[in-house]
Amino acid sequence: MIKKLTALICILLCLCGCSQEEKFGLEQFVSRMNEQYNTTYKTSDFMLGTNAENKKYLFCDSSEGLISLSLDSNNDIIGVSLLINESIDINKGINTFLNICCIFKGNDEKSEKKIFTDCNITDHTIKYADNNTVITVGKYKYTVVCNDYSVTFFCDRV
C-alpha cells in the first residue's frame, strides 16, 4: 500500500513539474518558440515600447511579420499579436499566430487549431479587406483587424 501511495505521489509531482507556468516573460517565450517551432528569435531582437497609457510592450519585426507582446507590471506576457502585410501569405500568418498562441497559452497545436476553426480564424475568412472580429474563448480574447494593407491578430488574457 505504501509503495502504491509513493508511486502515485511521484507521478503527481512529475505531472505538476512538467506543466508550464501561466505567467512568463520574454526569455521563456523566445526559448519555447525556438525549441518548439525551430525559429531563431533572440531576446535582443525585441524592442521595448510604451503606449499612451504607459503600458509596456515588446515588439520584433521578423520575416513572419511584426510580433508584439503586451506586458504586465511584472514584465510577464499578458497578450500577443502578429501584424502581417500583403507581402505575407495569410495562411502563413495564421500558422505563425497559431504557434505564438500555443506558446502563450500552453496549448498544443491541435487544440489551438480547433479554437481557430471555431472562431473562423482561417484563410477562408481572413482577407486583406476591411473586416474586424472579436471573440472571447474562456479566459482569452481573440481579435482580428483587417484592412486592404494588413491583418493584425491579437490574443489577450482577459
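Side chains of N131 and K127 form no contact here, defined as non-hydrogen atoms less than 4.5 Å apart. Within the 4.5 Å cutoff, no side-chain heavy atoms of L71 are placed close to those of I78. Side chains of E112 and I103 form no contact here, defined as non-hydrogen atoms less than 4.5 Å apart. Annotation: side chain of N75 is in contact with side chain of K56 (closest heavy-atom distance under 4.5 Å). With contacts defined as side-chain heavy-atom distances shorter than 4.5 Å, the pair C155/F97 qualifies. Using a 4.5 Å heavy-atom threshold, the side chains of F46 and V30 count as touching. Side-chain atoms of K55 and T50, non-hydrogen and from C-beta on, never get closer than 4.5 Å to each other.
When hydrophobic clusters are built by joining Ile, Leu, Val, Met, Phe, Trp and Tyr residues whose side-chain heavy atoms come closer than 4.5 Å, directly or via intermediates, V145 is not grouped with I84. The hydrophobic clustering, which links ILVMFWY residues whose side-chain heavy atoms are closer than 4.5 Å, places Y140 and L69 together. Transitive grouping of hydrophobic side chains (ILVMFWY, heavy atoms separated by less than 4.5 Å) brings I121 and V137 into a common cluster. Under the 4.5 Å side-chain heavy-atom criterion for Ile, Leu, Val, Met, Phe, Trp and Tyr, I135 and I90 are members of the same hydrophobic cluster. Residues M47 and L83 are members of one and the same hydrophobic cluster, defined by side-chain heavy-atom contacts under 4.5 angstrom among Ile, Leu, Val, Met, Phe, Trp and Tyr.
R32 forms no cation-pi arrangement with Y37, by the criterion of a distance under 6.0 Å to the ring centre and an angle within 45° of the ring axis.
One finds the CG atom of N107 at 12.5 Å from the NZ atom of K114 (value rounded to the nearest 0.5 Å). To the nearest 0.5 Å, atoms NZ (K141) and CZ (R157) are separated by 13.5 Å. Once rounded to the nearest 0.5 Å, the distance linking NZ of K42 with CG of L26 reads 13.0 Å. One distance of note links SG of C101 with NZ of K113; it measures 13.0 Å at 0.5 Å rounding.
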Practice problem: Apply side chain to side chain contact (heavy atoms under 4.5 Å, CB included) to I126 and V144, showing your working. | Solution: CA-CA 8 Å; I126 306 296; V144 181; 3.6 Å; yes
Practice problem: Give the intermediate values and the outcome of side chain to side chain contact (heavy atoms under 4.5 Å, CB included) for residues L48 and Y57. | Solution: CA-CA 6 Å; L48 178 65; Y57 61 90; over 6 Å; no
Practice problem: Let me see the working for H124 and T117 under side chain to side chain contact (heavy atoms under 4.5 Å, CB included), right down to the final yes or no. | Solution: CA-CA 10 Å; H124 299 296; T117 302; over 6 Å; no
Exercise. Could you please spell out the steps behind the side chain to side chain contact (heavy atoms under 4.5 Å, CB included) verdict for M33 and N99?
Key: CA-CA 8 Å; M33 284 294 293; N99 296 345; 4.2 Å; yes
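Under the 3.5 Å distance criterion, with hydrogens and angles disregarded, no donor-acceptor pair is assigned to the side chains of S31 and N34. Neither side chain, K23 nor N74, offers a donor N or O lying under 3.5 Å from an acceptor on the other.
Among residues two or more places apart in sequence or in another chain, the side-chain hydrogen bond (donor to acceptor under 3.5 Å, both in side chains) test is passed with N132 by none.
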Do any side-chain atoms of residues 146-154 form donor-acceptor pairs under 3.5 angstrom with protein atoms, and if so which ones, sequence neighbours left out?
unit_1 : atom_1 : unit_2 : atom_2 : d
N147   : OD1    : Y149   : N      : 2.7
N147   : OD1    : S150   : N      : 2.8
N147   : OD1    : S150   : OG     : 3.4

Kindly list each side-chain donor-acceptor pair under 3.5 angstrom involving residues 58-66, sequence neighbours excluded, with atom names and distances?
unit_1 : atom_1 : unit_2 : atom_2 : d
S62    : OG     : E64    : N      : 3.2
S62    : OG     : E64    : OE1    : 3.0
S62    : OG     : G65    : O      : 3.1
E64    : OE1    : Y41    : OH     : 3.1

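Across every non-hydrogen atom of E27 and T43, the tightest pair is CA-CG2, 3.9 Å. Across all their heavy atoms, G79 and I77 have their closest contact at O-CG2, 3.5 Å. Of all the heavy atoms in S70 and D156, the pair that sits closest is OG-OD1, 4.4 Å.
Relative ring orientation between F116 and Y142 is described as perpendicular, the plane-to-plane angle rising above 60° on a 0-90° scale split at 30° and 60°.
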